[in-house]
Participant: 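Take a look at the following structure, please.
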Amino acid sequence: MVHWSAEEKQLIASLWGKVNVEECGAEALGRLLIVYPWTQRFFANFGNLSSPTAIIGNPKVRAHGKKVLTSFGEAVKNLENLKATYSKLSELHCEKLHVDPENFRLLGDILIIVLAAHFTKDFTPACQATWQKLVGVVAHALAYKYH
Amino acid sequence: MLTADDKKLIQQVCEKSSGHMEEFGAEALERMFITFPQTKTYFPHFDLQHGSDQIRGHGKKVATALANAAKNLDNLSQALSELSNLHAYNLRVDPPCFALQLLSQCFQVVLAVHLGKDYTPEVHSAFDKFLSAVASVLAEKYR
């Protein structure tokens with residue numbers, strides 16, 4: 001069980017309250033596909049992924065990015081219970097989607113950079129540390145049911 | 001592999017940051033120590049408090065080395081040869097590339113914080129590749 005201090009919970013909740021889930025989600029997924037192009041292997045039916053501009057403007061990427069980050073919101077609401085929260089999604093990513101869990105770590109790091117670019121100096125070192133911890137435990141929870 | 005466009009973007013970022021070397025390097029290190037406390041194990045001899053002279057000095061060293069690497073993108077192995085020896089034989093940052101990846105993440109966060117939306121997906125991609133290449137060269141001689 002992960003322990004969250006009062007300060008960490010505050011840093012998570014206050015930042016999350018200001019996040020535009022649709023924009024940030026689209027940005028994070030888009031950047032994943034651009035910075036780590038091999039991740040495009042999971043999105044073969046998304047249409048045009050031929051350039052950064054195409055990826056960022058791709059409506060399927062945007063929609064899926066929103067879905068992914070919305071799901072992240074569940075983590076924020078269930079910090080004490082992440083493994084249970086992501087149990088079904090973990091099974092899905094293993095059994096149906098066949099996603100190497102390393103990709104969850106990559107997406108987590110990308111999300112951090114998107115948040116940093118968006119919030120600039122409000123994304124303090126303490127904020128980064130807390131959020132880096134959060135993306136790490138989410139990645140762990142998503143990998144938990146792999147077999 | 002760094003494309004011609006990547007190289008241009010990397011050099012542009014370094015030029016934009018040239019007046020802030022010490023600041024960015026120090027901030028990256030500070031973020032790394034706070035976010036990934038295991039990295040402090042390499043600096044038991046440092047005062048790691050916020051704003052310490054040692055962090056500022058070392059941050060400047062790291063950032064200057066990166067700026068130098070950015071001027072020698074066609075020849076990273078040679079440009080970083082001394083540092084490569086240092087990291088392999090003296091510092092032995094372990095596991096190779098992993099700990100350096102943590103610093104890479106923090107350096108990119110610093111750039112994102114200071115450049116905001118100018119840290120575009122294209123710049124992000126180019127810089128990630130650059131830091132990855134630097135880490136690879138530094139780990140070349142490990143074994």
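In what follows, every chain begins at residue 1, and chains take the letters A, B, ... in the order their sequences are listed.
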Participant: Which bit of I55(A) is near chain B, if near means a heavy-atom gap under 4.5 Å: side chain, backbone, both or neither?
Facilitator: neither
Participant: For K66(A), look at atom NZ and say whether over 12 heavy atoms of other residues, nucleotides or ligands are found less than 6.0 Å away.
Facilitator: no
Participant: Please say whether more than 12 non-hydrogen atoms of neighbouring residues, nucleotides or ligands are located less than 6.0 Å from OH in Y144(A).
Facilitator: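 12 or below, so no.
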Participant: Could you go through Q105(B) and I113(A), starting from their C-alpha distance and side-chain angles, then the distance that decides it, and tell me whether this counts as side-chain contact (heavy atoms from CB on, under 4.5 Å)?
Facilitator: CA-CA 8 Å; Q105(B) 170 74 355; I113(A) 289 175; 3.8 Å; yes
Participant: Relative to chain B, which segment of T124(A) carries a heavy atom at a distance below 4.5 Å: side chain, backbone, both, or neither?
Facilitator: backbone
Participant: Would you say N90(B) has more than 12 foreign heavy atoms packed within less than 6.0 Å of its CG?
Facilitator: yes
Participant: Contact part of L115(B) toward chain A, heavy-atom cut-off under 4.5 Å: side chain, backbone, both or neither?
Facilitator: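 Neither; nothing under 4.5 Å.
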Participant: Heavy-atom count check: over 12 atoms from other residues, nucleotides or ligands less than 6.0 Å from K133(A) NZ?
Facilitator: yes
Participant: Would one find more than 12 heavy atoms of other residues, nucleotides or ligands at under 6.0 Å from atom CD of Q78(B)?
Facilitator: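 Count not over threshold, so no.
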Participant: Would you name the heavy atoms of I34(A) and P121(B) that are closest together and state the gap between them?
Facilitator: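 Heavy-atom minimum between the residues: CD1-CB, 3.6 Å.
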Participant: Working to the nearest 0.5 angstrom, can you tell me the gap between T120(A) OG1 and K117(B) NZ?
Facilitator: 10.5 Å
Participant: Applying the 4.5 Å side-chain criterion to the ILVMFWY set and letting contacts propagate, would L11(A) and L79(A) be lumped into a single cluster?
Facilitator: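 The answer is no; the residues belong to distinct hydrophobic clusters.
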Participant: What pair of heavy atoms forms the shortest contact from Q132(A) to F36(B), and how long is it?
Facilitator: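 That would be CG-CZ, 3.5 Å.
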Participant: Do W38(A) and V35(A) sit in one hydrophobic cluster, given that two such residues count as connected whenever their side-chain heavy atoms are within less than 4.5 Å of each other, even indirectly?
Facilitator: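 W38(A) clusters together with V35(A).
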Participant: Which heavy-atom pair separates T35(B) from P125(A) by the least distance, and what is that distance?
Facilitator: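 Reported closest heavy-atom pair: OG1-O, 4.3 Å.
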Participant: Please report the shortest heavy-atom distance between Q101(B) and D109(A), naming the atom on each side.
Facilitator: OE1-OD2, 4.0 Å
Participant: Quick one: closest heavy-atom pair of D128(B) and Y36(A), and the distance?
Facilitator: OD2-OH, 3.0 Å
Participant: In Å and rounded to the nearest 0.5 Å, what is the CD to OG1 distance from E27(A) to T120(B)?
Facilitator: 9.5 Å
Participant: Just wondering, more than 12 heavy atoms not from K60(B) lying within 6.0 Å of its NZ?
Facilitator: no
Participant: After noting the C-alpha distance and the side-chain angles of I110(A) and H124(B), does the key distance pass the side-chain contact (heavy atoms from CB on, under 4.5 Å) rule?
Facilitator: CA-CA 9 Å; I110(A) 296 257; H124(B) 178 171; 3.8 Å; yes
